[in-house]
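A quick write-up on the structure given underneath.
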Amino acid sequence: CTSVVAQDTSGKLFHARNLDFGLFLGWDVKNNSWIVSELLKPLVVNVNFQRNNKTAFMSTSFAGYIGMLTGMKPGVLTLTMNERFSLDGGYIGILEWILGKRHGVWMGFLTRSVLENATSYDEAKDLLSKTEMLAPAYFILGGNKPGQACVITRSRTSSINFWELDTQKGEWYVLETNYDHWKPPLVIDNRRDPAMKCMKTKGQKSISFTTIYDVLSTKPVLNKLTTYTAMMSISENKFEAYLRDCPHPCMPW
Amino acid sequence: AQDVPPYTEDCRSGTYPPSGPTFKGKVQWYTVNLDQPPYERWQKLISDKKAPLNELIQHIKNLAKAIFPNLIDIVDNKLPFLIGKLPSPFGEEMKGVADAAGLPLGEIMLFNIFYEVFSV
């Protein structure tokens with residue numbers, strides 16, 4: 001996955017992501033594609049969750065999966081989640097949960113609760129940082145005011161790192177793939193540098209849905225695992241998602 | 001190969017509005033009414049997506065059977081006993097999804113813990 005929150009020169013925030021999933025879950029030799037990634041595409045849906053006939057929050061999700069990976073609470077926050085691989089991973093959390101140690105929350109349920117119940121960026125940040133979970137994760141959070149964007153690096157039990165937008169220091173975007181941002185990415189899976197190079201080329205002045213979609217359409221940020229691209233803007237009250245394809249030749253991850 | 005064309009490319013431009021070979025279609029909108037009982041919330045959406053959901057679950061089952069032959073029996077027979085341990089409204093929502101899709105509850109639970117299982 002690749003998630004990015006960027007702030008333009010007028011202070012507007014844009015939050016976007018590529019959802020990549022299905023690595024090593026079967027390769028279709030005939031069509032040069034990952035089987036699970038392709039099977040997930042017809043399940044991608046945008047959901048408008050309503051309460052009292054009003055939108056409570058919106059999400060791009062997979063039919064049958066009731067947790068949230070991408071969502072926006074209009075006027076309040078935007079949230080995406082990227083997978084964080086760890087040996088102390090979610091399979092341990094699941095085993096513990098099955099065996100009766102149920103302190104941790106399922107990742108998708110936490111993100112959904114935040115979208116449903118959090119009333120501010122700070123409250124969301126607090127919940128995503130402190131709630132014990134079954135699996136490690138990266139949470140990419142955007143708010144409704146300039147400067148409100150961060151990447152929260154989570155282990156199962158605690159927050160390991162907190163990286164916030166800092167336009168004073170020239171950091172006008174935060175960008176997360178699937179590696180701790182303070183360490184180099186896996187050498188055979190470096191989507192971070194191409195994506196950052198592209199963000200730099202586009203520049204803060206021209207950042208918009210148009211330019212962010214360009215970034216997320218550039219190989220290898222776009223790859224064989226990419227199922228959808230979602231883009232969200234609180235200030236423009238826009239939420240868009242598109243199914244993606246990466247025809248051969250294209251990196252498998 | 002990731003650093004060499006055609007596997008990498010200069011930053012693209014003019015891709016939006018989406019079209020061309022990297023665009024596979026727009027994502028359809030659904031409404032989920034949170035004022036409805038949890039069991040009923042997903043019925044319309046799942047009835048529309050029943051066939052692709054069944055296809056995905058079948059593939060996951062085949063994959064799981066190839067690695068752990070008994071896993072699906074455990075998922076189908078043991079996992080549903082834990083549904084009551086999930087916080088509200090998630091357990092009831094999963095029951096609704098499973099019934100609407102015509103799939104065993106344990107298999108829908110497995111789909112919902114996919115992230116946790118694969119974060120290794």
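We name chains A, B, ... by the order of the sequence lines, and we start the count at 1 in each one. In what follows, every heavy atom counts, from backbone to side chain, and hydrogens, waters and symmetry copies are set aside.
Looking at A:Arg112, the atoms closer than 4.5 Å to chain B (heavy atoms on both sides) all sit in the side chain, from C-beta outward. Heavy-atom distances place no part of A:Ala195 under 4.5 Å from chain B, backbone and side chain included. Both the backbone and the side chain of A:Ile66 come within contact range of chain B, each with at least one heavy atom under 4.5 Å from a heavy atom of that chain. Both the backbone and the side chain of A:Ala63 come within contact range of chain B, judged by heavy atoms closer than 4.5 Å. With a 4.5 angstrom heavy-atom cutoff, B:Leu45 touches chain A only via side-chain atoms. Contact annotation for B:Leu82: both backbone and side-chain heavy atoms come within less than 4.5 Å of a heavy atom of chain A. Neither the backbone nor the side chain of A:Met199 comes within less than 4.5 Å of any heavy atom of chain B. With a 4.5 angstrom heavy-atom cutoff, A:Asp193 does not touch chain B via any of its atoms. Contact of A:Phe57 with chain B is made through the side chain alone, with heavy-atom distances under 4.5 Å. Interface remark: A:Val187 contributes backbone atoms only to the contact with chain B (heavy atom separation under 4.5 Å). For A:Ile92, no part lies under 4.5 angstrom from a heavy atom of chain B. Using a 4.5 Å cut-off between heavy atoms, B:Trp29 contacts chain A through both its backbone and its side chain. For chain A, the nearby part of B:Gln28 is the backbone; its heavy atoms alone come within less than 4.5 Å. Contact annotation for B:Leu63: only side-chain heavy atoms (C-beta onward) come within less than 4.5 Å of a heavy atom of chain A. Within the 4.5 angstrom heavy-atom criterion, only side-chain atoms of A:Ser113, from C-beta onward, approach chain B. For chain A, no part of B:Lys50 is nearby; none of its heavy atoms comes within less than 4.5 Å.
More than 12 heavy atoms of other residues, nucleotides or ligands sit less than 6.0 Å from atom NZ of A:Lys238.
B:Ser13 and A:Asp214 form no side-chain donor-acceptor contact under 3.5 Å, judged by distance and modelled atom types alone. Counting only N and O atoms by type, the side chains of A:Thr80 and A:Ser3 include a donor and acceptor under 3.5 Å apart. A:Tyr91 and A:Glu96 share no donor-acceptor pair across their side chains, judged by distance under 3.5 Å alone. Between A:Asp189 and A:Tyr179, the side chains place a donor N or O and an acceptor N or O closer than 3.5 Å (distance only, hydrogens not considered). In this model, a donor atom of one side chain and an acceptor atom of the other lie less than 3.5 Å apart for A:Arg244 and A:Thr229. No side-chain donor-acceptor contact under 3.5 Å links A:Asn18 and A:Thr2. A side-chain donor from one of A:Arg17 and A:Asn82 sits under 3.5 Å from a side-chain acceptor of the other. Residues B:Tyr30 and B:Asp48 have side chains that bring a donor and an acceptor to within less than 3.5 angstrom of each other.
Heavy-atom pairs under 4.5 Å with chain A peak, among B:Phe81, B:Phe90, B:Phe111, at B:Phe90. The residue among B:Lys49, B:Lys85, B:Glu9 with the most heavy atom pairs within less than 4.5 Å of chain A is B:Glu9. When each of B:Val97, B:Leu56, B:Ile60, B:Asp35 is checked for heavy-atom pairs under 4.5 Å with chain A, B:Asp35 comes out on top. Contact count against chain B (heavy-atom pairs under 4.5 Å) is highest for A:Gln50 among A:Met81, A:Glu240, A:Gln50, A:Glu38. Contacts with chain B were tallied for A:Val215, A:Asn53, A:Asn190; A:Asn190 has the most, counting heavy-atom pairs under 4.5 Å. Chain A forms more heavy-atom pairs under 4.5 Å with one residue of B:Asp3, B:Asn62, B:Leu86 than with any other, namely B:Leu86. Considering only heavy-atom pairs separated by less than 4.5 Å from chain B, the leading option among A:Leu23, A:Leu40, A:Asn52 is A:Asn52. Listed options B:Leu79, B:Asn112, B:Thr31 were ranked by heavy-atom pairs under 4.5 angstrom with chain A; first place goes to B:Asn112. Contact count versus chain B (heavy atoms, under 4.5 Å) is highest, among A:Met58, A:Lys197, A:Arg191, for A:Met58. Counting heavy-atom pairs closer than 4.5 Å to chain B, the top residue among A:Gly108, A:Pro249, A:Pro194, A:Pro252 is A:Pro249. For the set A:Ile188, A:Asn223, A:Asp245, the count of heavy-atom pairs under 4.5 angstrom toward chain B peaks at A:Asp245. Note: B:Leu53 leads B:Ile57, B:Leu53, B:Leu103 in heavy-atom pairs under 4.5 Å with chain A.
Taken from OG in A:Ser233 to CG in A:Asn237, the straight-line distance is 8.0 Å, to the nearest 0.5 Å. Atom-to-atom distance recorded for A:Met133:CE and A:Thr111:OG1 is 9.0 Å, nearest 0.5 angstrom. Of the inter-residue distances, the one linking A:Asn32 atom CG with A:Cys250 atom SG reads 10.0 Å to the nearest 0.5 angstrom.
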Query raised in the report: How far apart are the C-alpha atoms of B:Tyr115 and A:Tyr65, what are their side-chain angles, what is the distance that settles it, and do they pass the ring-ring contact (aromatic ring centres under 6.0 Å, His included) test?
Result: CA-CA 10 Å; B:Tyr115 171 73; A:Tyr65 185 79; 8.6 Å; no

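Ring to ring, A:Trp106 and A:Trp97 are close: their centroids are under 6.0 angstrom apart. The ring of B:Phe114 has its center closer than 6.0 angstrom to the ring center of A:Phe21.
Taking the six-membered ring for Trp and thresholds of 30 and 60 degrees, A:Trp34 and A:Trp27 have ring planes more than 60 degrees apart, a perpendicular arrangement.
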